[in-house]
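See below for the structure under consideration.
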Amino acid sequence: MNYWLFKSEPDEYSIDDLFAEADGSGRWDGIRNYQARNLLRDAVSEGDQVLFYHSSCKVPGVAGTARVVRAAYPDPAQFDTHSPYHDPKSTAEAPRWFCVDIAPLARFDEVLPLARLKQEPALEDMVLLRQGRLSVQPVTAAQWRAVTRLAQA
DNA sequence: GCCAACGTTGGC
DNA sequence: GCCAACGTTGGC
């Protein structure tokens, strides 16, 4: 079982949206970065746990946790000509982009701000703090424990 | 809105 | 394959 951090813009898809899904899980899609795609396709597995991160918003930070309930499959949006995520170069035989399904685990009482994470010595090696722009990131077990402990404090 | 840090594109 | 120009991400 591995840990990850997934970024989402809450205006598009928030932890509340994930909790509101009628069937109990939501599709994590729209990834259009190769490094993130490779992680999603090759390393993210069913049962892995996810820090749900809100980006590009008033208080960026970790908003809750989720669990992967379906491993990578071709992102349907790449074939949808009306979708902003449409990719004309992608084919059904050789899909370029992938998505996973996640189910909510916990919603933090308050978003754990990025600014707070930056103050935590135990988190100084987090990919989030070292390489800001990756939307799917590996998280170590120690980092997972530190983040979830801060969220309860 | 600004801007730094990337990633991508395309000419050569 | 190099690299300049351009686009995107995302914090502030």
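Quick note: numbers below take in every heavy atom, side chains included, and nothing from hydrogens, waters or symmetry partners. Letters A, B, ... are given to chains in the order of the sequence lines, protein chains preceding strands, and every chain is numbered from 1.
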Round to the nearest Å and state the distance from Ile31(A) atom CD1 to dT8(B) atom P.
13 Å
How close or far is atom P of dA4(B) from atom CG of Leu129(A), stated in whole angstroms?
20 Å
Lys89(A) atom NZ is separated from dG10(B) atom C1', nearest whole Å, by 11 Å
Mind calculating the distance between OH (Tyr34(A)) and P (dT8(C)) to the nearest angstrom?
15 Å
Can you tell me how far C1' of dT8(C) sits from CD of Glu9(A), to the nearest Å?
11 Å
Tell me: CG of Leu134(A) to P of dT8(B), nearest whole Å?
11 Å
If I take atom CG in residue Leu117(A) and atom P in nucleotide dC12(C), what distance separates them, rounded to the nearest angstrom?
11 Å
Arg37(A) NZ/CZ over Phe98(A) ring centroid, <6.0 Å and within 45° of normal:
no
Evaluation steps, side-chain contact (heavy atoms from CB on, under 4.5 Å), between Trp4(A) and Leu39(A)
CA-CA 10 Å; Trp4(A) 306 96; Leu39(A) 286 171; 4.0 Å; yes
Counting the atoms with a prime plus P, OP1 and OP2 as sugar-phosphate, which does Lys118(A) contact under 4.0 Å by heavy atoms, base, sugar-phosphate, or nothing?
sugar-phosphate
To the nearest Å, give me how far apart CZ (Arg130(A)) and C1' (dA5(B)) are.
16 Å
Heavy atoms only, 4.0 Å cut-off, all strands: where does Gln35(A) land among base, sugar-phosphate and nothing?
sugar-phosphate
Closest listed nucleotide, where the reference is the side chain of Tyr53(A) and the choices are dT9(C), dG11(C), dT9(B):
dG11(C)
Gln131(A), nearest nucleotide to its side chain (from dG10(C), dT8(B), dG7(B))
dG7(B)
Of the listed dT9(B), dT8(C), dG10(C), the closest approach to the Arg133(A) side chain comes from dT8(C)
When you look at His86(A) and Asp80(A), which way does the side-chain contact (heavy atoms from CB on, under 4.5 Å) test go after all the steps?
CA-CA 5 Å; His86(A) 176 241; Asp80(A) 179 357; 5.6 Å; no
Testing dG11(C), dG7(B), dG10(C) for proximity to the side chain of Leu114(A), the answer is dG11(C)
Begin with the C-alpha distance, continue with both residues' side-chain angles, and end with the deciding distance and a verdict on side-chain contact (heavy atoms from CB on, under 4.5 Å) for Tyr13(A) and Phe52(A).
CA-CA 10 Å; Tyr13(A) 194 80; Phe52(A) 196 105; 4.0 Å; yes
Phosphate contact (dT9(C) OP1 or OP2) by Lys7(A) side-chain N/O below 4.0 Å:
no
